[in-house]
Number of protein chains: 2
Amino acid sequence: MDATDAKILKVLQRDGRLTNQELSAEVGLSPSPCLRRVRNLEAAGIITGYTALVDQKLCGFPVTGFVRIRLANHSDETVRGFEARIAEIEHVLDCYLMAGGEDYQMKVIARSLDDYEQLVRKTIQKIPGIASIETSFAYGVVKHARGLPVSAEMRP
Amino acid sequence: MDATDAKILKVLQRDGRLTNQELSAEVGLSPSPCLRRVRNLEAAGIITGYTALVDQKLCGFPVTGFVRIRLANHSDETVRGFEARIAEIEHVLDCYLMAGGEDYQMKVIARSLDDYEQLVRKTIQKIPGIASIETSFAYGVVKHARGLPVSAEMRP
DNA sequence: TCATCTATTGGCAGATTCTGCCAAAATGCA
DNA sequence: TGCATTTTGGCAGAATCTGCCAATAGATGA
């Protein structure tokens, strides 16, 4: 992982469909070592995949909300069951296990406020073992970075 | 926007570097109409770009936190200044304007807890107009979807 | 300083893919 | 049904990919 790798990551986060030739030109290499570096980054698990970015509103999901959940207990069964159910709900875009208290926070999208309410009350609320739910809406997006600020040196 | 477009979006969210031939095979088209549909989705702004997904931990950012901020007032100057500063901080991955109260919520990454504290206290805290800051750490990631559940019909 | 060894690079070439163009097929409408 | 419009499939020249090999750069130790 050197400065060239970092530059490759930066460029590929900006445009993940660049041609290997274009990429190699941007990072100052010839195509074949450039391709090898990309393959190495993929094999090392640093690049985990590529994806098309899709406009959330244009796809009919104008509503974004955050849901915070506290479980009634943290037995293995409750936790596993909860996390498995969350993983299945495709309107839940991500979910974090929060430190300090047995709390989850997840980002949820919906086609309307009604749908959002339905989703929370009829799907999420019904998962066993939930002690409490808090919900908050996003009014708008101020910033949405499309990648990490990767650099060559990485202190553990 | 029909079922074929939806399938294209679904497949490209799963693997944004598929060859046009592979993509066309997966969606059941021949390459040339498939490419034209992709170009149309790009031109319509539905596909906003492509990106490489990078492993956050392997890149040296094991810490994820959420920061909630309340502004002291919502004059244009304060709001613009705040949002402009946030946009510059590359450790702030995203930031939402929350409904109900003048609140922002942002996701922040750091190389360590120390760095996180430094970032919050020395960079974010210093932005003018902040009334209060609340912070919470993520202990781990339960789910991280790589795309929206796009479908053909989209109710407004 | 120099010799040696290792890792990385650049160029080459056959195979694959891209992509603009045109005719054919499918679809929608009256 | 018949017409107009949209979408599709195939073709072909141009561009790109990618495995292989020799050459280069950088590090190591005497």
Side-chain angles (χ1 to χ4, degrees), chain A residues 1-55 57-60 146-156, chain B residues 1-55 57-60 146-156:
Chain A
M1 183 74 174
D2 58 6
T4 305
D5 284 337
K7 199 164 186 183
I8 287 176
L9 290 177
K10 185 179 166 192
V11 174
L12 281 183
Q13 284 185 114
R14 175 168 54 71
D15 183 353
R17 274 205 82 118
L18 277 180
T19 279
N20 184 50
Q21 291 198 341
E22 296 166 323
L23 175 63
S24 65
E26 285 213 42
V27 302
L29 277 177
S30 70
S32 79
C34 183
L35 181 65
R36 220 164 329 155
R37 279 171 177 271
V38 173
R39 293 288 176 264
N40 287 343
L41 291 168
E42 291 168 354
I46 295 175
I47 294 178
T48 58
Y50 300 87
T51 190
L53 300 172
V54 165
D55 186 283
K57 273 191 191 164
L58 289 182
C59 282
R146 81 163 41 177
L148 313 178
V150 47
S151 66
E153 76 290 336
M154 49 185 64
R155 161 179 28 131
Chain B
M1 182 75 173
D2 57 7
T4 305
D5 284 337
K7 198 164 187 183
I8 287 176
L9 290 178
K10 185 179 165 191
V11 174
L12 281 183
Q13 283 184 117
R14 174 169 54 74
D15 183 354
R17 274 206 83 118
L18 277 180
T19 278
N20 184 50
Q21 292 198 339
E22 298 167 322
L23 176 63
S24 64
E26 286 213 42
V27 302
L29 276 178
S30 71
S32 78
C34 183
L35 180 65
R36 221 163 329 154
R37 278 171 179 271
V38 173
R39 293 286 176 265
N40 287 342
L41 289 168
E42 292 168 353
I46 294 174
I47 294 176
T48 58
Y50 301 87
T51 190
L53 299 172
V54 165
D55 187 283
K57 274 190 192 164
L58 289 183
C59 282
R146 83 163 38 177
L148 313 177
V150 47
S151 65
E153 76 290 336
M154 50 184 64
R155 161 178 29 128

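Values below: all heavy atoms of this structure, side chains included; hydrogens, waters and symmetry mates excluded. The shown structure was predicted, so the numbers you read here are calculated from the model rather than taken from an experiment. Chain naming here is simple, since letters A, B, ... match the order of the sequence lines and numbering starts at 1 in each.
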Using the side-chain contact (heavy atoms from CB on, under 4.5 Å) rule, pick out the option among A:Val11, A:Asp15, A:Ile8 that qualifies with A:Glu26.
-> A:Val11
A:Gln21 CD to C:dA13 P, straight-line distance once rounded to whole Å = 16 Å
Please state how far atom CG in B:Leu29 lies from atom P in C:dA24, giving the value in whole angstrom units.
-> 21 Å
Heavy-atom distance under 4.5 Å between the side chains of A:Arg36 and A:Leu29, does that happen here?
-> no
Between D:dC20 (P) and A:Arg39 (CZ): distance, integer Å | 14 Å
Using whole Å, report how far CG of B:Asp2 lies from C1' of D:dT8.
-> 13 Å
Heavy-atom check, side chain of A:Cys59 versus side chain of B:Leu9, under 4.5 Å | yes
Could you give the CZ-to-P distance, from A:Arg36 to C:dA7, as a whole number of Å?
-> 13 Å
Between A:Asn20 (CG) and C:dG11 (C1'), how many Å, whole number?
-> 14 Å
Residue pair A:Met1 / A:Val150, side-chain heavy-atom distance below 4.5 Å | yes
By nearest-heavy-atom nucleotide on DNA chain D, the more 5' of B:Ser30 and A:Pro31 is B:Ser30
Spell out yes or no: do the side chain of A:Ser32 and the base of D:dG19 have one donor N/O and one acceptor N/O closer than 3.5 Å?
-> no
Round to a whole Å and report the spacing from CZ of B:Arg37 to C1' of D:dT6.
-> 10 Å
What is the distance from CG of B:Leu35 to C1' of D:dC11, rounded to the nearest Å?
-> 15 Å
Look at all strands and tell whether B:Thr19 reaches a base, only sugar-phosphate, or nothing, counting heavy atoms closer than 4.0 Å.
-> sugar-phosphate
